[in-house]
*Asks:* 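First, the structure itself, so that you have it in front of you.
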Amino acid sequence: MATASDAQSTSSHSLQPSISRVGITLEAYILEGMIGLPGATGAFTSLLNQIGLTAKLITSKVRRAGLANILGYTGETNVQGEQVQKLDEVANETLLNALGRRGHCAAVASEELEELRILSTDPRARYLVVTDPLDGSSNIDVNISIGTIFGILRKAEDKAGADISDFMRPGHELLAAGYILYGSSTMLVITTAGSGVHGFTYDPTVGEFFLSHENIRIPERGAIYSINEGNSARWTEGVRRWNAWVKEEDKATGRPYACRYVGSLVADAHRTLLKGGIFAYPADQKSKNGKLRLLYEANPYAFIFEAAGGRASTGTERILDITPTELHQRVPLVLGSPHDVEIFEEFVRGAR
Ligand code: AFP
């Protein structure tokens, strides 16, 4: 359960901007969220700052990825004959080091790690982080946008360290969630419970993230659908009928929708968040539970989309209400404008 202090430090009162703050730095934004809050210890603020630092560190590595074969990161041997690490492992280590440094994070569940990584056994380490440190990594070699996804939970009990049971909590218990998109610019998009969704763009010449997208709201409906259509032969009947529906010609309902699919969740979800429409990775005959992971992909995005006025579902139930049973559990994921996700759900349950 969240205590008064972190409830305060994530309340809408604390972080909701009253006037436009476009142009302030990420650090100032995070700090302003804490100032004046009785009982705020600074631990949550410090954790968010460490994530901001990680974003800068991973950006500098991703930006050199085109030189991977020359400089390293490929899992092979570089021209100096040294064994080099893959970029997703580098991102994972960078994040773990940053989160471990200040002692507020008890444990991390990462896509890169089979097991939990305990970072502190001090009972005062009150936070847990879930992360996909480098999502879309198969796109690195072709220079397409990739990203880091994260969510922050408060440890339910004041005990030393953490175990898997501490992570088996539904997504609606997240205190914060966000992602870092390494695209044409690097952007960090974050929401702390009740504070709205805000996007910060990185200026590499200054080395700072600046608030560029204040209070992001997803459009009520969109005109783009995003799905790996190569899987259509394996889809259920409902998903196939929905897919035919989005492609039908009907001016009154804005159809056909345009199709956009990058194959990096961070990129596809970001476009969907800003432009509206729908992203779906449904279950199919091969992937009975879908492909994406509940803890560190679906939950953070569901938290962000709902905070921006959108909807996140498996097609039949709300993502944020699912109680996980495994660390690397998969789940069908449908994200987007409320109108578009509702239509998808209607097809899945046979109401259309
Ligand atoms: P990689 O990290 O292996 O590139 O996978 C990316 C991802 O997990 C997610 O970012 C995409 O939305 C999804 O997989 C794409 O999957 P398909 O290639 O099956 O469409």
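All ligand and atom numbering here is 1-based and tracks the order in the structure.
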*Asks:* For S264, is at least one N or O under 3.5 Å away from an N or O on ligand 1?
*Replies:*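 In fact, backbone or side chain, S264 has no N or O that close.
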
*Asks:* Tell me the protein heavy atom at minimum distance from atom 4 (O) of ligand 1, and give that distance in Å.
*Replies:*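 Looking at atom 4 (O) of ligand 1, the protein heavy atom closest to it is S138 OG, 2.6 Å.
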
*Asks:* Is the ring centre of F200 less than 6.0 Å from the ring centre of Y29?
*Replies:* yes

*Asks:* Polar-atom distance check: G136 versus ligand 1, any N or O pair below 3.5 Å?
*Replies:*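 Checking ligand 1 against G136, an N or O pair does fall under 3.5 Å apart.
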
*Asks:* For D340 and Y257, which I'm curious about, is there any donor-acceptor pair between the side chains at under 3.5 Å?
*Replies:*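 Present: a donor and an acceptor within the cut-off.
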
*Asks:* Should K159 and D163 count as an ion pair when the cut-off is N to O under 4.0 Å?
*Replies:*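 Salt bridge present between K159 and D163.
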
*Asks:* Identify the protein heavy atom lying closest to atom 20 (O) of ligand 1, giving its residue, its atom name and the separation to 0.1 Å.
*Replies:*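 The answer is Y261 OH, 2.5 Å.
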
*Asks:* Tell me whether R293 reaches ligand 1 (any heavy atom closer than 4.0 angstrom to a ligand atom).
*Replies:* no

*Asks:* The test is salt bridge (charged side-chain N to carboxylate O under 4.0 Å, His left out); show your working for E229 and K247 and say whether it passes.
*Replies:* CA-CA 12 Å; E229 225 153 346; K247 292 189 279 192; 2.5 Å; yes

*Asks:* Suppose I only count heavy atoms of N228 and a 4.0 Å limit; which atoms of ligand 1 are within that range?
*Replies:* 17 (P), 19 (O), 20 (O)

*Asks:* Measure centre to centre between the rings of F44 and Y127, then say whether the value is under 6.0 Å.
*Replies:* yes

*Asks:* Could you tell me which atoms of ligand 1, counted from 1 in the order shown, lie closer than 4.0 angstrom to a heavy atom of E297?
*Replies:* 8 (O)

*Asks:* Is ligand 1 less than 4.0 angstrom away from at least one heavy atom of D268?
*Replies:* no

*Asks:* Considering only protein heavy atoms, which is closest to atom 11 (C) of ligand 1, and at what distance to one decimal place?
*Replies:*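 Ranking protein heavy atoms by distance from atom 11 (C) of ligand 1, first comes G263 O, 3.3 Å.
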
*Asks:* Quick one: nearest non-hydrogen protein atom to atom 19 (O) of ligand 1, plus distance?
*Replies:*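 Here the closest protein heavy atom is Y281 OH, 2.6 Å.
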
*Asks:* Determine the sole option in L335, L273, I227 for which the side chain to side chain contact (heavy atoms under 4.5 Å, CB included) test with F279 is passed.
*Replies:* L335

*Asks:* Test salt bridge (charged side-chain N to carboxylate O under 4.0 Å, His left out) on E342 and R311 and set out the steps.
*Replies:* CA-CA 8 Å; E342 271 162 33; R311 199 170 163 105; 3.4 Å; yes

*Asks:* What's the shortest distance from atom 9 (C) of ligand 1 to any protein heavy atom, and which residue and atom give it?
*Replies:* L265 N, 3.5 Å

*Asks:* Give the residue, atom name and distance (to 0.1 Å) of the protein heavy atom nearest atom 13 (C) of ligand 1.
*Replies:*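 Here the nearest protein heavy atom works out to K291 NZ, 3.8 Å.
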
*Asks:* Just jot down the ligand 1 atoms closer than 4.0 angstrom to any heavy atom of S137, in number order.
*Replies:* 1 (P), 2 (O), 4 (O)

